[in-house]
Amino acid sequence: MSSLAVPKAEPVAGSTPGTDRGRPPLRRRIALIPTVTLLLGAIYCLLPVAWVVIAATKSGRELFSTFTFLPGSGFADNVRDLSAYRDGVYWAWMGNSALYAGLGALLSTCVSAISGYALATYRFRGRETIFNVLLAGVLMPPVILAVPQYLLLAKVDLTDSYLSVLLPQILFPYGVYLARIYAAAAVPADVVEAGRMDGASEWRIFTRIALPMMIPGMVTVFLFQFVAIWNNFLLPYIMLSDDEKFPITLGLFTLLEQGANTPALYTLVITGAFLAVLPLVALFLVIQRFWSLDLLSGAVKS
């Protein structure tokens with residue numbers, strides 16, 4: 001009797017003999033580690049945001065009696081109660097934050113643009129020393145500067161005023177650093193020299209030639225400083241005593257302290273925190289659109 005020979009299965013291309021056919025290679029498994037790490041980091045960062053969004057929809061009774069991530073039905077009532085609290089003082093805090101962050105970031109961006117352009121374009125004695133001092137300011141924690149700033153402003157009787165929060169925010173060392181780096185890369189020296197040969201003044205060269213080239217970088221500086229001022233807590237906490245001048249961070253803090261004795265205020269704090277994030281999200285979306293348009297226009301021009 002003749003026996004039938006059973007053919008041996010050929011190994012799959014790219015696979016190692018002796019291993020499972022469906023098992024991915026070791027290199028592919030290692031490549032998944034950064035992706036998994038980023039996903040875990042995203043979950044860690046977004047989980048508190050999701051909690052605030054969901055908790056803002058719950059009434060005071062639902063906040064402590066329902067599942068954590070189960071939406072509630074009291075968002076409209078929470079917004080109504082928050083608006084009625086102390087005749088709408090919450091919206092006064094929002095307006096103060098918009099004033100501090102908007103005007104402070106605008107002035108800081110202007111100072112950063114001028115300073116960064118000067119440090120990148122002009123050659124003068126002590127330029128590198130000034131830049132190194134600014135770098136030291138970038139590394140300096142704001143908590144160290146808060147008390148000296150308070151003492152300086154107290155000498156000129158400016159504490160407990162809007163200027164006491166605005167003035168320390170105008171000089172943004174990291175913004176000056178970014179402006180210098182961006183001006184050195186985006187403003188060609190030949191273009192500046194051509195403007196001088198045409199008889200343009202230095203101010204005209206800056207405003208008409210250099211500044212339009214620096215706008216994407218200055219938008220970044222504006223965004224960073226706006227977010228920093230909007231989220232700033234320590235400086236207003238030290239400078240201000242009149243709660244009608246409080247920004248939203250300090251206002252919600254005082255509301256949270258009162259909530260320790262009145263648990264019903266917890267829902268107002270959570271709803272206020274949720275509403276306070278929306279302007280930052282809107283600003284980022286608008287600026288992101290600006291960046292896209294600028295990149296497209298630059299590609300067309302080139």
Side-chain angles (χ1 to χ4, degrees), residues 12 14-16 18-60 62-75 78 97 101 105 135 138-144 172-175 177-178 181-182 216-217 219-234 237 247-250 252-253 255-256 259-260 263 266-292 294-295:
V12 180
S15 63
T16 304
T19 59
D20 296 338
R21 185 178 300 180
R23 187 178 179 184
L26 178 61
R27 184 180 302 176
R28 187 182 304 174
R29 295 199 301 271
I30 295 177
L32 290 176
I33 295 177
T35 303
V36 174
T37 303
L38 290 176
L39 287 176
L40 293 176
I43 293 173
Y44 176 79
C45 295
L46 294 178
L47 195 63
V49 178
W51 182 87
V52 170
V53 173
I54 295 174
T57 64
K58 297 183 179 182
S59 63
E62 294 173 337
L63 182 63
F64 298 101
S65 61
T66 60
F67 178 66
T68 302
F69 292 100
L70 182 65
S73 58
F75 179 72
N78 292 339
S97 289
L135 288 180
V138 173
L139 302 176
M140 190 72 66
V143 66
I144 297 178
F172 182 32
Y174 187 62
Y177 168 77
L178 288 180
I181 299 301
Y182 197 87
V219 169
T220 304
V221 173
F222 178 85
L223 176 63
F224 284 172
Q225 186 66 340
F226 187 96
V227 174
I229 298 175
W230 185 276
N231 293 329
N232 194 3
F233 170 79
L234 181 62
Y237 181 76
I248 192 65
T249 51
L250 189 54
L252 289 177
F253 173 74
L255 193 61
L256 181 61
Y266 281 137
T267 56
L268 302 188
V269 175
I270 295 172
T271 306
F274 169 68
L275 295 177
V277 175
L278 297 182
L280 298 180
V281 175
L283 178 65
F284 179 79
L285 293 177
V286 171
I287 289 181
Q288 186 182 38
R289 179 177 178 272
F290 172 83
W291 281 331
S292 300
D294 187 82
L295 291 175

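Note that these values count all heavy atoms, side chains included, but never hydrogens, waters or copies made by symmetry.
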**OP:** Report yes if some heavy atom in the side chain of Leu275 is under 4.5 Å from a heavy atom in the side chain of Leu278; otherwise report no.
**Re:** yes
Original post:
To the nearest 0.5 Å, how far apart are CD1 in Ile229 and CZ in Phe172?
Top reply: 8.5 Å
**OP:** Could you check whether the rings of Tyr174 and Phe224 sit parallel, tilted or perpendicular, using 30° and 60° as the cut-offs?
**Re:** parallel
Original post:
How many angstroms lie between CG in Asn78 and NZ in Lys58, if you round to the nearest 0.5 Å?
Top reply: 11.5 Å
Subject >> Atom pair CG (Leu40) and OG1 (Thr35), whose distance is rounded to the nearest 0.5 Å >> reply: 11.0 Å
Original post:
Near Tyr177 OH, under 6.0 Å, is it more than 12 heavy atoms from other residues, nucleotides or ligands?
Top reply: no
**OP:** With rounding to the nearest 0.5 Å, note down the distance linking CD1 in Ile43 to CG in Leu38.
**Re:** 11.0 Å
**OP:** Enter the distance from Ile270:CD1 to Thr57:OG1 here, rounded to the nearest 0.5 Å.
**Re:** 10.0 Å
Original post:
Where does the angle between the aromatic ring planes of Phe233 and Tyr237 fall among parallel (under 30°), tilted (30 to 60°) and perpendicular (over 60°)?
Top reply: parallel
Original post:
Under the side chain to side chain contact (heavy atoms under 4.5 Å, CB included) criterion, do Phe75 and Val53 qualify, and how do the steps go?
Top reply: CA-CA 10 Å; Phe75 179 72; Val53 173; over 6 Å; no
Original post:
Nearest heavy-atom pair of Glu62 and Gly74: which atoms, and what distance?
Top reply: OE1-N, 4.1 Å
**OP:** To the nearest 0.5 angstrom, please state how far the OG1 atom of Thr267 sits from the CG atom of Leu63.
**Re:** 7.0 Å
**OP:** Could you please spell out the steps behind the side chain to side chain contact (heavy atoms under 4.5 Å, CB included) verdict for Val52 and Val277?
**Re:** CA-CA 10 Å; Val52 170; Val277 175; over 6 Å; no
Original post:
Is the shortest heavy-atom distance from the side chain of Thr249 to the side chain of Asn232 under 4.5 Å?
Top reply: no
Original post:
For Ser97, which residues count as a side chain to side chain contact (heavy atoms under 4.5 Å, CB included) partner, sequence neighbours excluded?
Top reply: Trp230, Pro247, Ile248
